[in-house]
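Notes follow the structure.
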Amino acid sequence: MTTTNTTGTAEHVLCKSKAHRGQEVGGNLLPREEMPVRNTGTTSTGHRVPVLGIAGGTASGKSTLAKALALRHPGAVALIHIDDFYVPERDPQRGIRTLSATGAETLDWNHPGSIDEDAVAAAVDAAATSGQHRMVVVEGLFALALPKVAVHATWRVYVDTPDDIRLARKLLRKIEIQRKDPLISLRNYLLSGRERHAEHVAPSRHRADLVLDGTMPTADLLTAVDHLVGQDLAPAL
């Protein structure tokens with residue numbers, strides 16, 4: 001296993017327990033929680049390509065990493081964003097509802113119960129068995145928290161970024177890109193966002209094969225992922 005610090009040097013670390021393997025780029029080895037049996041690479045109907053699950057908090061850098069992987073291997077990687085699978089906001093019968101800082105009832109965007117888990121799992125399975133790609137990358141807050149999605153993952157990655165940096169990145173995005181009032185985001189973060197992250201997102205860090213420091217350059221993170229998926233696979237992409 002390889003642990004990489006922020007200076008770019010690498011140390012090879014041997015995990016004592018083969019039953020609890022884990023890697024962390026920028027930190028220590030982590031224990032792993034028991035998860036469903038993983039994708040084996042084949043199905044009863046034929047070959048399926050491996051799946052890489054990437055999770056992390058809001059603005060941790062997970063989407064940037066996933067997009068970088070797809071750009072690095074154009075046409076070979078199927079990229080699935082869990083953000084595309086929220087249930088309809090106006091459907092009161094589905095998802096988890098909450099009160100926004102504005103006082104209005106809204107879909108709880110920070111709760112896994114607001115994701116159509118079956119639809120995500122179906123999309124991952126379809127991409128993995130389509131014969132059109134060599135790898136599927138599924139990324140999102142709950143990529144390692146939704147059992148029906150995590151079970152498809154051959155490898156699991158968590159992008160870990162300090163809360164203050166994530167919040168700063170999110171506010172900058174609200175101001176510079178979305179042109180929205182950051183006050184609402186701050187109030188929602190204090191009202192429920194921080195708690196939802198601690199309850200539903202942060203625990204999935206312990207289910208990862210590889211924990212990445214989200215403050216590191218994307219190029220370094222790509223190198224770490226290449227080591228995870230194996231040198232025999234990386235050149236084929």
Side-chain angles (χ1 to χ4, degrees), residues 1-8 10 13 21-33 35 38 50-73 77-85 109-112 115 120 124 135-146 149-150 152-173 177 189 193-194 196-229 234:
M1 296 182 186
T2 303
T3 299
T4 307
N5 63 28
T6 53
T7 65
V13 180
R21 294 176 183 267
Q23 302 178 60
E24 183 165 350
V25 173
N28 299 317
L29 292 172
L30 293 172
R32 292 258 307 288
E33 293 181 3
M35 287 292 289
R38 299 171 188 250
V51 176
L52 174 65
I54 304 178
T58 299
S60 61
K62 59 190 179 300
S63 298
T64 299
L65 173 59
K67 291 175 183 177
L69 283 166
L71 288 173
R72 187 173 187 174
H73 309 291
V77 173
L79 184 54
I80 296 175
H81 302 285
I82 291 181
D83 278 358
D84 294 335
F85 294 87
W109 306 98
N110 296 306
H111 196 291
I115 297 290
V120 183
V124 173
M135 177 187 286
V136 176
V137 175
V138 54
E139 68 86 17
L141 294 174
F142 314 116
L144 306 185
L146 298 170
V149 177
H152 287 282
T154 311
W155 306 286
R156 298 170 182 145
V157 170
Y158 186 90
V159 182
D160 191 15
T161 305
D163 291 348
D164 61 333
I165 295 179
R166 292 193 302 102
L167 183 58
R169 287 176 177 177
K170 179 177 181 179
L171 294 179
L172 286 173
R173 187 166 61 198
I177 300 176
Y189 176 78
R194 181 173 179 273
R196 291 287 190 268
H197 173 81
E199 183 178 1
H200 300 293
V201 181
S204 66
R205 180 180 190 270
H206 299 284
R207 301 173 188 140
D209 302 295
L210 179 66
V211 174
L212 298 174
D213 178 352
T215 66
M216 293 175 66
T218 301
D220 291 348
L221 302 185
L222 286 171
T223 298
V225 171
D226 279 345
H227 285 301
L228 174 68
V229 302

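If you're wondering where the values come from, they're calculated on a predicted model, not measured in any experiment.
When side chains are defined from C-beta on, Thr161 counts as touching Arg169, because their heavy atoms get closer than 4.5 Å. With a 4.5 Å cut-off on side-chain heavy atoms, Ile80 and Phe85 count as touching. Between Leu79 and Lys67 the shortest side-chain heavy-atom distance falls below 4.5 Å. Between Leu221 and Val157, the closest side-chain pair of non-hydrogen atoms is not below 4.5 Å. Side-chain contact between Val137 and His73 is absent, with no heavy-atom pair separated by less than 4.5 Å. Counting heavy atoms from C-beta outward, Val77 and Leu52 have side chains that stay 4.5 Å or more apart.
Between the side chain of Thr223 and the backbone N or O of Ala219 there is at least one donor-acceptor pair closer than 3.5 Å. Formation of a donor-acceptor pair under 3.5 Å by the Arg166 side chain with backbone atoms of Thr58 is found in this model. Judged purely by atom type and a 3.5 angstrom limit, Arg207 has no side-chain atom pairing as donor or acceptor with the backbone of Arg156. In this structure, the side chain of Thr218 does not engage the main chain of Leu65 through any donor-acceptor pair within 3.5 Å. With hydrogens and angles disregarded, no donor-acceptor distance shorter than 3.5 Å links the side chain of Lys62 to the backbone of Tyr158.
Listed by chain and number, the residues in a side-chain hydrogen bond (donor to acceptor under 3.5 Å, both in side chains) with Ser63 are Glu139 (sequence neighbours excluded). For Asp84, there are no salt bridge (Lys or Arg N to Asp or Glu O under 4.0 Å) partners, not counting sequence neighbours. The ring-ring contact (aromatic ring centres under 6.0 Å, His included) check on His197 picks up nothing, with sequence neighbours excluded.
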Item to check | Pair Leu69-Ile54, side chain to side chain contact (heavy atoms under 4.5 Å, CB included): steps then yes or no | outcome: CA-CA 11 Å; Leu69 283 166; Ile54 304 178; 4.0 Å; yes

Checklist entry - Is there a side chain to side chain contact (heavy atoms under 4.5 Å, CB included) between His200 and Asn110 once you walk through the steps? => result CA-CA 8 Å; His200 300 293; Asn110 296 306; over 6 Å; no

Item to check | side chain to side chain contact (heavy atoms under 4.5 Å, CB included) evaluation trace for Val138 with His152 | outcome: CA-CA 10 Å; Val138 54; His152 287 282; over 6 Å; no

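Closest approach of Ala145 and Ser204 over heavy atoms only: N-CB, 4.4 Å. Nearest heavy-atom pair, Val159 versus Ser60, reported as atom, atom and distance to 0.1 Å: CG1-O, 3.4 Å. Scanning both residues, Pro203 and Ala198, for their nearest heavy atoms gives CD-O, 3.3 Å. The shortest non-hydrogen separation linking Leu141 to Trp109 is CD1-O, 4.1 Å. The shortest heavy-atom contact between Gly140 and Ile82 is CA-CB, 4.1 Å.
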